[in-house]
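What follows is a set of notes on a single structure, which appears directly below.
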Amino acid sequence: MPDAIALRAADAISQQRLMDRLAQLARFGALENGGVDRQALSDAELDARAWLIDWACTLGCEVFTDACANLFIRRAGREDLPPVVTGSHIDTQPGGGNLDGCYGVMAGMECLSALAAAGIETLRPIEVAVWMNEEGSRFAPGAMGSSAFVQPERLTDYLSHQDAQGITLADALTRCHQRFPALPRRSAVPMAAFIELHIEQGPVLEQAGLPLAVVQGIQGVRWYQVTCLGQAAHAGTTPMADRQDAMTLARRIVSQLEQRAETLPKDELRLTFARWEVEPNAINTIAGRVTFTLDFRHADPRVLAEFDRWMQQIAADNVRVECVFNNPPVAFHSQLLAQQFACSDALNIKTATLTSGAFHDAMHLASHCPTSMFFVPSHKGISHNPAEYTDPQYLYLGAKALACCLTELANQPTGVTP
Ligand SMILES: [Zn+2]
């Protein structure tokens, strides 16, 4: 049960202030269709940073950056203990909406505003992190800033990555650091906890009619590439029995995998065959070679391992199977999850349990400190789209639950057990 101070912090959250700030952030890189184009380290994103830094200063916060241009907005605690951290990202897809990432940062800032308005001091500092390049649309890969934060040696490799104009990340970072020369640089500090608040980007919460979810973890992902070999031949003259049709083989494999997947726990299963290359890809020639990809996601490492075994069994003289990407599932911190439920219960917010199907910065932070997430509903599950929308009441409830959790954690002298 959260204490009275944590509940007072939640009470001080202002829906109006939160919505105003979201609207202000949305001006940077605004598109005529209501969406936003604010890709990582673009002019629009640097302008948004400048606005955010000014705002942080008026709240009496310190602002730090690091080699990968992550921002840390710090509200001091009574003691210089490891901070409790929230936040997300303010970069967007080229035609993104106004909530993906932005909501987590604006809600974090709203928590700091609420604490200031209510005159609440906390034992530990509370920080809002703004992770650089979560979207990965300008520079690959996504979640770059948070991954370089937890593993700084990754940055060395990222520096040479180029955007579509041939600008390297190194150049874009230099420009950013030159724009904000006064920001002190800080290397990765220990953190007491990280809680990211984000829109769900899927339809589950809306369909369940619930305003909030405690996110238990992030699904593991496997990408496979399967190449089926046959013999290209004339579609009219080759009898059915004499064919080595690579497409028939590929279709059989897909149907086998779909049947097997039917036996797996369903709500967390995601199976997608989305990229196909057919050679020679002619209407009247039997396919000689078919390559397709398989994106398989599940939260349970045992299911992922079982699927790996199936994929190995498929391999044959005429079937090559490659695993081209492998990201293990992340389980968020059980003590944090319990506290998130306690806060939402105390605030009378009906809360679901979900597993994230998308990657988030929290995925990387989980290897640095006790980490978890909250989700609010996404209308029709739409995201990476100007039509991204969440009922303001839900945005408000999410920020309240976050304020309660952050304050509660920031007053714990011993912190969460890592
Ligand atoms: Zn995001």
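Remember, it's 1-based here, ligands and their atoms both numbered in the order they're listed.
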Ring centroid separation H89 to Y103 under 6.0 Å: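 No, the ring of H89 stays outside the 6.0 Å limit from the ring of Y103, centre to centre.
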With sequence neighbours excluded, what pairs up with [X] under the side chain to side chain contact (heavy atoms under 4.5 Å, CB included) test?
| X | result |
| --- | --- |
| A188 | F149, H368 |
| R27 | Q24 |
| S334 | none |

Check the orientation of F307 and Y224. Use parallel for under 30°, tilted for 30 to 60°, and perpendicular for over 60°.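 Tilted.
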What protein N, O or S atoms come within a distance below 2.8 Å of the Zn ion (ligand 1), ordered by chain and number?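 As for protein N, O or S atoms lying under 2.8 Å from the Zn ion (ligand 1), they are H89 NE2, D100 OD1, H198 NE2.
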Which pair of non-hydrogen atoms, one from E268 and one from A299, has the smallest distance, and what is that distance?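 Here E268 and A299 meet closest at OE1-CB, 3.3 Å.
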